[in-house]
Amino acid sequence: MSNKILVIDDNAEVCENIASILRLSRYDVLTSNTGKLGIEQAQQNHPDLILCDIAMPELDGYGVLHVLSKDPATAHIPFIFLTVKSELRDFRTGMNMGADDYITKPFDGHELLNVVELRLKKNVLIKSTFHNTATGNGDFLYTTKSLGEFQKLSGNHRSRVFQRKEFLFAEGEQPKYVYFIDCGLVKTFKSTHDGKELITGLYRNGDFLGFVPLLEGSLNNESAIVLKESQIQMMPQQDFLTLIYSNREIARKFMSMLARNLCEAGNMLLDLAYQSVRHRVAAVLIKLSDQSDPANQSITLARKDLSRMVGTTTESLNRTIMDFKNEGLIEIDQKGLRIVQHSRLEKVNG
């Protein structure tokens, strides 16, 4: 099945010439000579790519992009501007609005087809790994590396081994990097005024962290420390922001992860406020078990860290764990703690 492309240009001759070139390459082409009609065709036909002239009467290309980007059904469609203008400010305006690329008139057929083919390929690659799982995040990063935007930035990326108890970043510091865990284990936590810790997250193979303050333009609101030797990739702040602003699908990926993080943080606060220690311990154990390696589902996290995730004292945690062991819900051996009655542990209340 061929890709469907919508061409929007008020110059009927130019519009038809572009359509003819694309049809020769076996693309399914729709055309429109006004911005308003172009919007209607995009909403009705959901093309795989939109080529749109900027300078059009009544509704220009910026207006078309603005309308389509507000509609969830069309916001994901790659959008390329056609323009005779080459001033830097015009490029910045379009990119800030979410355009994916530009083609400056006049252009030849070969240039047009190259840009179209590359943009369609990028969109397929990004969509194929758009999942909020550890495996999906890892695939997403490695797929993104094959894209031109990423390759231009890759010279500044670092990958290094962090040792146990080594900090990635500290609360209150200016953020510098986005981190991706190739392998290892990292915890994030917040400290109270009296030095107590509350663990806010555990990050394993395939997880990103440290991107929230970069998106917010704020200082780090938590600290991150390595719990076991970890191989971690580091993307500098400016490279990350450039990548976000130059590719809408990549931006949506991180927005999706941010939304997931906010949801999990909200649930944790509700549990701390309303649920018993017994319920919270059960919930944390289930979460850690679900995140563990399928080949070894033992929970090896130190009791001190477990208590900080639950939001209770180590003594209360130990008593609850022993209760669960005596009830046959979990087993404890030299390898760690393992859930043996998952469904029963899920039903623990008070």
Side-chain angles (χ1 to χ4, degrees), residues 134 162-171 181 183-207 209 220-230 260-350:
F162 287 80
Q163 301 301 321
R164 183 173 178 271
K165 295 187 177 181
E166 190 172 355
F167 275 84
L168 294 184
F169 53 84
E171 190 174 353
I181 303 176
C183 62
L185 181 63
V186 175
K187 74 173 180 181
T188 55
F189 63 93
K190 294 181 70 68
S191 300
T192 63
H193 65 280
D194 57 356
K196 294 181 180 178
E197 292 181 5
L198 175 64
I199 294 181
T200 54
L202 285 177
Y203 297 85
R204 303 172 184 272
N205 305 0
D207 283 339
L209 71 156
N220 292 324
N221 65 348
E222 59 187 4
S223 300
I225 192 170
V226 175
L227 295 182
K228 68 178 183 180
E229 185 178 279
S230 302
R260 182 189 61 180
N261 292 347
L262 290 173
C263 182
E264 290 179 352
N267 290 336
M268 183 179 71
L269 289 174
L270 286 174
D271 283 347
L272 286 173
Y274 297 110
Q275 300 294 350
S276 67
V277 171
R278 182 177 167 87
H279 177 97
R280 300 203 309 267
V281 172
V284 166
L285 294 181
I286 290 170
K287 179 179 179 180
L288 292 175
S289 178
D290 291 343
Q291 291 178 339
S292 63
D293 183 351
N296 176 24
Q297 293 194 319
S298 293
I299 298 169
T300 59
L301 198 64
R303 295 292 176 88
K304 179 175 65 175
D305 287 326
L306 276 175
S307 66
R308 289 169 178 170
M309 288 190 70
V310 174
T312 189
T313 64
T314 305
E315 292 77 11
S316 295
L317 172 79
N318 286 335
R319 285 196 298 269
T320 306
I321 285 178
M322 289 309 299
D323 287 343
F324 289 164
K325 180 177 181 296
N326 294 334
E327 294 168 27
L329 303 179
I330 63 175
E331 290 180 350
I332 303 173
D333 55 28
Q334 292 181 342
K335 294 182 180 179
L337 184 155
R338 185 169 61 87
I339 297 174
V340 293
Q341 292 287 339
H342 197 285
S343 60
R344 286 181 57 196
L345 195 61
E346 286 182 331
K347 297 176 182 178
V348 167
N349 291 315

Enquirer: Which distance, rounded to the nearest 0.5 Å, do you find between the CD1 of I339 and the OG of S289?
Expert: 4.0 Å
Enquirer: Report the residues that fulfil salt bridge (Lys or Arg N to Asp or Glu O under 4.0 Å) with K190, sequence neighbours left out, ordered by chain and then residue number.
Expert: E171
Enquirer: Go through the structure and list residues passing side-chain contact (heavy atoms from CB on, under 4.5 Å) with Q163, not counting sequence neighbours.
Expert: V161, E166, E229
Enquirer: If you round to the nearest 0.5 Å, how far is CG of L337 from NZ of K325?
Expert: 10.0 Å
Enquirer: Can you name the residues that form a side-chain contact (heavy atoms from CB on, under 4.5 Å) with R319, not counting sequence neighbours?
Expert: E315, S316
Enquirer: To the nearest 0.5 Å, how far apart are CD1 in I330 and CD1 in I332?
Expert: 4.5 Å
Enquirer: Count the heavy atoms of every other residue, nucleotide or ligand shown that sit under 6.0 Å from CZ of R344, and state whether that count exceeds 12.
Expert: yes
Enquirer: Counting only N and O atoms by type, is there a donor-acceptor contact under 3.5 Å from the side chain of D333 to the main-chain atoms of K335?
Expert: yes
Enquirer: Go through the structure and list residues passing ring pair (Phe, Tyr, Trp, His ring centres under 6.0 Å) with F189, not counting sequence neighbours.
Expert: none
Enquirer: Of all residues at least two apart in sequence or in a different chain, which pass the side-chain contact (heavy atoms from CB on, under 4.5 Å) check with A224?
Expert: L168, F169, V186, T188, L209
Enquirer: Kindly compute the distance separating CE (M309) from NZ (K287), expressed to the nearest 0.5 Å.
Expert: 5.0 Å
Enquirer: Return the CG to CG distance between L301 and L185, rounded to the nearest 0.5 Å.
Expert: 7.0 Å
Enquirer: Residues two or more places apart in sequence or in another chain: which of them pass salt bridge (Lys or Arg N to Asp or Glu O under 4.0 Å) with E197?
Expert: K187, R308
Enquirer: With rounding to the nearest 0.5 angstrom, report the CG to OG distance, L288 to S298.
Expert: 12.0 Å
